Amino acid sequence: MKDAAPQTIYLKDYRPFGYHIDDVHLTFRLSPEATRVVARMSVRPNAAYPGAFFLHGQDLKLIWAKIDGAEVTPDVTDAGLTCDVPDAPFVWEAEVEISPATNTALEGLYMSNGMYCTQCEAEGFRKITFYPDRPDVMSVFTVRIEGDLPVLLSNGNPMGQGDGWAEWHDPWPKPAYLFALVGGDLVAHPGQFTTMSGKDVDLNIYVRPGPDEDKCAFGMEALKRSMTWDEEVYGREYDLDIFNIVAVDDFNMGAMENKGLNIFNSSCVLASPETSTDANFERIDAIIAHEYFHNWTGNRITCRDWFQLCLKEGLTVFRDQQYTGDQGSHAVKRIEDAIVLRSHQFREDNGPLAHPVRPESFIEINNFYTITVYEKGAELIGMLKRLVGDAAYYKALDLYFTRHDGQAATIEDWLKVFEDSTGRDLTQFKRWYEQAGTPRLAVTEDFKDGTYALTFTQTTPPTPGQDTKAPQVIPVAVGLMSDDGTEVLPTQVLEMTKAEQTFTFDGLAAKPVPSILRDFSAPVILQRDQTNAERAFLMAHDTDPFNRWDAGNALARDVYRRMVTEDAAPDAAYLDGIAAILRDDSLDPAFRALVLSLPSEDDMAQDLADADHIPDPTAIHHAGEALRVAMAQHLQDILPRVRADMAINGPYSPDAKSAGKRSLGNACLALLSRLDGGAAAAAQYKAADNMTMQIAALACLLKIGKGADESAAFRAQWREDRLVMDKWFGLTVSSAAPQDAAATADRLTAEPDFDMKNPNRFRAVFGALAGHAAGFHDPSGVSYRMLGDWLARLDAINPQTTARMTTAFATWKRYDSNRQAMIRTVLKGLEATPNLSRDTGEMVGRMLGDTPS
Ligand code: 0A1
Ligand code: ZN
């Protein structure tokens, strides 16, 4: 049922619940369209915060309710129920009926390929039973599941099982959003782990019988690596006898950290060399680690309310980033994370959807699982660590775990831990959580009598609901180089706290070349007048790998921008710079591949908009293609040699070193394809024995307008593998010529294996269309209208995924008035869709500027 008038919820209105729930017993009688759920819970009035007995509940059929065994008649609305209750401890019981088979929103209890599964974060538990569905209500859950299915799982430890039933008990008090249940015909891929204190833990990855069984080994190893890493780095040990992971095909997000029973989108856990790319392996490793790390940062210590989401997400992302860095290269990981942050989070911060890392209001919390909360949230942890130093960081974390274990905490609690353990005042640092927008950090330099001065000015543009911003604490890592390429001052962290601030360095023999914001030490935009000669110098000599890459990236942007706006030829300084890097065998191949990659077309559109140009996506696309041809020509003597050097003999391994070699080899192939008509790519396609090499070759061919036969062969080969077919759907759209992108997406939706109810498949097609900048912004507006129409249809089925995908339109104000008018019409049309969900309504409203958040 839809709310007539969606309500805005405010952080300032937080009030604890009026009751404690000491324990909960749930009994499920599974049936596709009439599952019965009986809840029995011990309730105790919260003397400090007396209040009405209100239980959330949505789409539930109440069969009966009792207090202390006597039937009662609560007052039931769309949102839940209220009941008169005793002013003393009592037992609440209720039975409801729900219909998992018709639950296409994939929230609460639903079915995916005949399997029962749940998704309760953020507010899905209210679709299972009447309950105080808020994270500050923590309780001990015991669950009995009855159903004619071989595998019946819930949180915690198994208590017993028999024919058609199973019982589970989770000794750790938890909020309802961490509840999970799975029932199905599943097979376990088992594993075992002994914790640092010698406790044995059974591990399982559950999949449907069949080909998925061969795709669990990597995930299991990743889980064990994560468990070891959290013990070694954070001293955190697992706390149950069993840890289960289940793969499901229909899932709105990547995965979910339910206590002891993680549920994963199958694309984020299943892997094999033949069907998964290196990028898939790296992502799976990171997501398994992320969900596992939540056991301490999220589950043992959870969030008081959903405004505190970054408390668990920012910290857990930071931890998974550290983990991934430890598996391979920290420099490469930092560059990859900065690319994502700058492309997507800065973009969010720059438009109508900008919000603080800790928002102060929302209509639908599902709309706030954003890159700002997750990735900028992680950057804030990284800045804190940089400011206090490593030893103080881990000391503070120890205090956080001891002080708040078993609690639902806030950002204030988190910062207080750091204040108490380091003696620092973090009042100003807290602004990072409260102020939206990306700070611009302008810098000027001065050199006189051996003293070098850097003057920084910080400003943050207005964001919805926040016109003015106060100065933030910005850790600026700086190193100074001499003009022969040696370092005269190793990295120092300057702590900027004012709107304008000057830092001086004495005793220098000559004016140095500064390397500023090393390791991307803060999520800010550095604004500095810099010549391409200086960028080329840093690209060749900077001792900080991040800034070395970044100098090349800044050069690439400048070259690319001038190709768009002035029809300029690519600058030789850039082409010579990448040639030198490519040739330098002492450099990590993964790093060299990153230096070769160009900014995305969307990044260039943002760059141009920032420079007060109205971006023309078609012109950007053509300039990018021309630049790639110029790069290929300039590098033509080196490309075959480097590619040959990157060849790997022997069986596939997804380790970072091998993946880096394939990444560089394939970056060379992409350029070579522009010279050899695709001959090398066609040969690679034929010879490939793993998905990384196969799909890279196919992508190269499609990009140059070839590869029709290979694409058909690929489809025939992988028709039965839905995860590989998602790749094929996506690649087919993203490699279409701009003017054909919409028609290609349209054609694919008519294929029998297109299923709009499956979020992975829907995203494969329409995520690729939205990500195809020149195709999505085709001047006819056809892609806008097509996406708008499909989102209106999807909204009736799955509001959460619909709302998330409306963000394709978030940059609309960048474009010319024709495109703006067309997008506005699409957004207005969506807004007027009958029964539009609260999720999509909020997003569209914010993008149209109706409701400042
Ligand atoms: N907490 C999960 C992400 C997640 C959030 C919401 C979901 O459904 C609305 C599902 C998963 C994580 O951070 O991995
Ligand atoms: Zn998370």
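Both counts, for ligands and for their atoms, begin at 1 and track the order of listing. No experiment lies behind these values; they were computed from the predicted model shown.
With sequence neighbours left out, the side-chain hydrogen bond (donor to acceptor under 3.5 Å, both in side chains) criterion links Glu313 to His290, His294, Tyr374. Taking the side-chain hydrogen bond (donor to acceptor under 3.5 Å, both in side chains) definition, one finds that Trp229 meets it with Asp326, sequence neighbours left out. Looking at residues two or more places apart in sequence or on another chain, you find a side-chain hydrogen bond (donor to acceptor under 3.5 Å, both in side chains) between Arg763 and Asn760.
Looking only at its N/O/S atoms, Glu313 has OE1 as the one nearest to the Zn ion (ligand 2).
A salt bridge does not link Arg403 to Asp413: none of the charged nitrogens lies less than 4.0 Å from a carboxylate oxygen.
Ring pair Phe401/Tyr234 is perpendicular by interplanar angle, where above 60° counts as perpendicular and below 30° as parallel.
Within 4.0 Å of ligand 1, the residues that place a heavy atom are Gln119, Glu121, Met253, Ala255, Met256, Glu257, His290, Glu291, His294, Lys312, Glu313, Asn366, Tyr369, Tyr374, Gln800, listed by chain and number.
Checked by atom type and distance alone, the side chain of Arg126 pairs as donor or acceptor with a backbone atom of Asp133 at under 3.5 Å.
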